[in-house]
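Step one of this worksheet: look at the structure below.
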There are 2 protein chains.
Amino acid sequence: MKDNNDMPGHLARRFQQIAVAVFLAEVGEAGFDLTPVQYAALATIKANPGLDQVTLAGLIAYDRTTITGVVDRLVQKGLTERRASSRDRRARELEITDEGRRVLRKITPAVESAQAIMLRGLSAKEGEDLMRLLRKAIAAGNELSRAPLREV
Amino acid sequence: MKDNNDMPGHLARRFQQIAVAVFLAEVGEAGFDLTPVQYAALATIKANPGLDQVTLAGLIAYDRTTITGVVDRLVQKGLTERRASSRDRRARELEITDEGRRVLRKITPAVESAQAIMLRGLSAKEGEDLMRLLRKAIAAGNELSRAPLREV
DNA sequence: TACTGATAGTCAGCATACTGAGCAATATCC
DNA sequence: GGATATTGCTCAGTATGCTGACTATCAGTA
């Protein structure tokens with residue numbers, strides 16, 4: 001029987017589990033209440049003002065049914081505005097608020113610290129290698145999930 | 001602004017997302033309805049007959065509140081038996097059923113195929129490297145999640 | 001222009017994961 | 001032996017992620 005430690009799927013789950021825990025701990029200690037998912041969405045909204053939800057989902061590889069709830073929570077926290085698009089009445093245009101910008105700025109050190117802690121068992125070179133290999137595996141498997149990455 | 005692709009947390013989430021999708025696709029095509037989480041639990045129950053839920057959770061690094069539902073579903077599918085322990089009346093002893101054993105045996109090719117597909121963008125050596133680096137990062141971060149791995 | 005197909009978003013339902021609380025039973029310590 | 005702490009499990013609540021279905025709208029075409 002294959003050991004769990006020989007299963008990339010198991011390792012993937014475990015690494016992600018630790019990554020989320022570290023993120024929440026660092027961000028929480030800094031006094032903020034934002035999940036990794038919400039952070040990525042907020043940062044992407046800031047970088048792409050006025051984008052719609054499907055585009056946002058594609059940029060961070062979230063399912064379109066997931067993005068609805070994430071944006072709900074960002075709006076509820078006052079970090080994002082959602083308004084109907086004038087060009088396409090099906091679409092919602094997303095915009096970061098001043099408060100969202102402020103939170104994003106203040107939270108950055110905690111986020112970067114979290115990224116470092118996730119890799120604390122690795123040397124700098126090993127960390128680079130790990131990220132490179134993950135990127136490569138992810139690129140090859142992009143179309144295999146329901147929510148592939150879609151560059152604009 | 002750091003790119004998502006420079007964030008180990010983002011890469012972790014994405015790789016795990018693909019891993020789950022691949023697992024479900026392969027196992028589904030083989031005619032089975034079992035999640036990665038349920039598979040790991042079932043395999044661990046088979047390898048450790050009579051273990052209790054907390055021990056099971058520790059062996060695969062699941063939260064104890066998560067394991068309750070996972071075992072519920074394994075029992076409901078007839079793959080696992082849960083009975084009160086005679087030595088400790090708080091504990092539940094878990095046992096795989098004959099049907100569970102049968103499913104586990106039949107499902108193995110699909111599971112192994114899934115593990116290969118997750119790494120299909122990488123050479124054999126790169127796949128080994130990725131797993132080694134993940135194991136190392138995970139070992140260093142084991143205590144950082146609420147559900148660390150606990151060897152018996 | 002009417003029809004057809006595709007697209008944006010939402011919703012219900014299910015399965016992880018987690019926080020925090022609580023119950024029952026066991027272990028430990030005085 | 002009895003108070004106290006710990007442990008095994010469960011539950012309620014919240015947040016991803018997904019499947020599948022549905023509405024509203026848009027785009028292309030006959």
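From a predicted model like this one, the values you see are computed outputs, not experimental measurements. Chain A is the first sequence line, chain B the second, and so forth, proteins listed ahead of strands; every chain is numbered from 1.
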>> Does A/Leu149 form a side-chain contact (heavy atoms from CB on, under 4.5 Å) with A/Leu59? I'd like the steps, not just the answer.
In response: CA-CA 6 Å; A/Leu149 194 75; A/Leu59 286 171; 5.7 Å; no
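A residue-by-residue look at A/Glu93 and B/Gln38 shows that A/Glu93 has its nearest nucleotide of DNA chain C further toward the 5' end. Positionally, the nearest nucleotide of DNA chain C for A/Arg146 lies more toward the 5' end than for the other of A/Arg146 and B/Arg146.
Residue contacts for B/Gln16: at a heavy-atom cut-off of 4.0 Å it reaches the sugar-phosphate backbone alone, with no base atom in range. Heavy atoms of B/Ala21 sit nowhere under 4.0 angstrom from any nucleic acid atom.
Regarding A/Arg92, its CZ atom lies at a distance of 11 Å from the C1' atom of D/dT23, rounded to whole Å.
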Could you go through residues 28-38 of chain B and list every donor-acceptor pair under 3.5 Å that involves a side-chain atom there, pairing it with any protein atom two or more places apart or in another chain?
{"unit_1": "B/Thr35", "atom_1": "OG1", "unit_2": "B/Gln38", "atom_2": "N", "d": "3.0"}
{"unit_1": "B/Gln38", "atom_1": "OE1", "unit_2": "B/Thr35", "atom_2": "N", "d": "3.4"}
{"unit_1": "B/Gln38", "atom_1": "OE1", "unit_2": "B/Lys77", "atom_2": "NZ", "d": "2.7"}

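Taking 4.0 Å as the cut-off between side-chain N and carboxylate O, B/Asp98 and B/Arg102 do not count as a salt-bridged pair. Looking at B/Arg150 and B/Glu143, a side-chain N of the basic residue comes within less than 4.0 Å of a carboxylate O on the acidic one, giving a salt bridge.
For D/dC9, neither phosphate oxygen OP1 nor OP2 lies less than 4.0 angstrom from any side-chain nitrogen or oxygen of B/Arg82. Within the 4.0 Å cut-off from OP1 or OP2 of D/dG8, not a single side-chain nitrogen or oxygen of B/Arg89 is found.
The heavy-atom pair separating A/Pro148 from B/Arg14 by the smallest distance is CA-NH2, 3.4 Å.
Reading DNA chain C from its 5' end, the first and the last nucleotide to sit under 4.0 Å from a heavy atom of chain B are C/dA15 to C/dT26.
Shown for residues 70-79 of chain B: no residue has heavy atoms falling under 4.0 angstrom of DNA chain D. A heavy-atom distance below 4.0 Å to DNA chain C is reached by these residues of residues 26-37 of chain B, ordered by number: B/Thr35, B/Val37. Near DNA chain D, meaning a heavy atom under 4.0 Å from it, residues 57-64 of chain A has A/Asp63, A/Arg64 in order of number.
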Would you list the protein and nucleotides 3-6 of chain D atom pairs, both N or O, that sit under 3.5 Å from each other?
none

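In this structure, A/Thr97 contributes its side chain and A/Leu79 its backbone to a donor-acceptor pair below 3.5 Å.
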